[in-house]
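This report refers to the structure that appears directly beneath it.
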Amino acid sequence: MSKKIMLSGIQPSGNLTIGNYIGAIRQWVALQNDYHNFFMIVDLHALTVPQDPAILRAKTLEVAKLYIASGIDPAQSTIFVQSHVPEHAELSWILSTITKMSELERMTQYKDKALRHKMNVNVGLFSYPVLMATDILLYQTDLVPVGEDQTQHLELTRILARRFNEQFGITFKAPEGYFPKHGARIMGLDNPQAKMSKSSTVPGHAIALLDDAKAVEKKIKRAVTDSGSEIKSGADKPALTNLLTIFSAVTGRAIAALEKEYKGAGYSAFKIDLADTVNAFLKPLQEKYHSLSDKKITSVLEEGARAAHAVAAKTLTDVRKKVGLI
Ligand code: TYM
């Protein structure tokens, strides 16, 4: 393998949003020719909050199809389901023995989720970042393109790689994160202070990649705006900054160019154009999605699991030897 390794993943825990696309998948697609790629559907991570088993199964296939529909080429990139490669669970256990409680206690995603799922603050939710570090380290990953909310998890991954290497000899590569300049944190349409989330149940909060044109139009029309009427980004205009970021990401046009074009246009005209633009972006993606059969996707995932397993097994064999397992 002469190319560097890129790896990332998404939980099949809801409807993939335009935030997931802009913050993560878009970068995967843009970089996929330059790297040797692994893209996972992280079903074991999804289990850390309650899931309906039938829905989880369906969403796992849906996410895999959305990867391909968004432009990930299975001939070029390994697409696989995390639980199909059992090495993840085993290495996660080993790495948990070199992870400090205090390192996990300060994870903001854990603190947020523990607040939202008060009745189910389970051990998996707590050790979630160790499994994520495992995902990355098993494949000797160089680059991890993710949204801003994963910064702390990536930092822990680097710490664990270094700690293990110091204790047992060089075994893991410490990966670099890759965050988009714009759009690393897309906010909710209903509330520009809260990250757009695929698991939110608030109507109008998120644009899902599989939303129909009417739903997109309605959500954008109702999206919260800032006081005033200017189409401008800036710290004092969180709602318009967010809408402009989405507009810019799906068209590839600079935010400054959009601000210029919509100077004096008013929110209503801007929103109509934004809805049309988002729908024009989603249409081919959805057509591609619907053209993919379950049979096709199952065979992609089987092939992906084989390819991933070959790499993961090699790393785990080395780790088992180094820590003294016979
Ligand atoms: P998840 O499933 O929450 O999100 C998937 C990816 O989408 C990004 N993202 C966003 N980016 C911009 N704006 C948003 N509103 C937004 N919401 C989500 C996330 O940053 C992420 O890149 N722990 C990870 C999954 C994971 C993983 C890994 C990622 C497990 N193992 C190994 C990389 C490498 C997560 O929960 O992502």
Side-chain angles (χ1 to χ4, degrees), residues 5-29 37-49 51 56 59-60 62-63 66-67 70 80-83 85 88-89 91-92 95 107-110 112-113 116 124-125 127-158 160-161 175-200 205-209 238 241-242 245-246 249-250 308 312:
I5 294 172
M6 165 164 67
L7 174 143
S8 199
I10 297 185
Q11 297 187 66
S13 56
N15 297 320
L16 250 61
T17 72
I18 201 147
N20 298 126
Y21 176 80
I22 296 172
I25 302 173
R26 188 169 55 125
Q27 282 63 249
W28 310 355
V29 174
N37 315 303
F38 294 92
F39 299 120
M40 290 175 293
I41 299 99
V42 292
D43 54 349
L44 295 175
H45 275 112
L47 292 179
T48 57
V49 300
Q51 302 289 342
L56 181 62
K59 289 288 165 195
T60 301
E62 185 178 299
V63 173
L66 281 169
Y67 285 0
S70 305
F80 71 102
V81 177
Q82 183 186 37
S83 69
V85 182
H88 290 249
L91 181 61
S92 184
L95 289 183
M107 292 289 161
T108 51
Q109 197 159 74
Y110 163 69
D112 284 355
K113 284 197 182 173
R116 273 190 281 134
L125 195 61
S127 60
Y128 177 116
V130 181
L131 180 58
M132 177 160 162
T134 297
D135 297 340
I136 297 167
L137 299 180
L138 263 179
Y139 299 90
Q140 305 296 346
T141 305
D142 295 285
L143 195 76
V144 186
V146 281
E148 193 189 84
D149 58 345
Q150 300 302 315
T151 310
Q152 259 189 326
H153 294 162
L154 259 177
E155 197 40 49
L156 178 73
T157 305
R158 294 166 55 80
L160 294 182
E176 297 292 333
Y178 182 90
F179 306 91
K181 254 200 207 95
H182 297 287
R185 191 176 176 82
I186 297 293
M187 310 310 277
L189 297 184
D190 59 326
N191 175 7
Q193 311 298 339
K195 187 191 75 170
M196 185 182 281
S197 157
K198 61 172 127 61
S199 51
S200 169
H205 165 79
I207 296 172
L209 293 178
T241 302
N242 193 41
T245 304
I246 295 172
V250 297

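Just so you know, ligand 1 is whichever comes first in the structure, and atom 1 is the first atom listed for that ligand.
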Is there a polar contact, in the sense of an N or O pair closer than 3.5 Å, between [X] and ligand 1?
X	value
Gln109	no
Glu148	no
Gly147	yes
His153	no
Gly183	no
Lys195	no
Ser8	no
Gly19	yes

At under 4.0 Å between heavy atoms, which part of [X] makes contact with ligand 1: side chain, backbone, both or neither?
X	result
Arg185	backbone
Ser13	neither
Val144	side chain
Met40	side chain

**OP:** Indicate yes or no: at least one non-hydrogen side-chain atom of Pro12 is less than 4.5 angstrom from one of Glu62.
**Re:** no
Subject >> Mutual orientation of the aromatic rings belonging to Tyr67 and Phe39 [parallel < 30°, tilted 30-60°, perpendicular > 60°] >> reply: perpendicular
Original post:
Relative to each other, are the rings of Tyr139 and Phe80 parallel, tilted or perpendicular (30° and 60° limits)?
Top reply: tilted
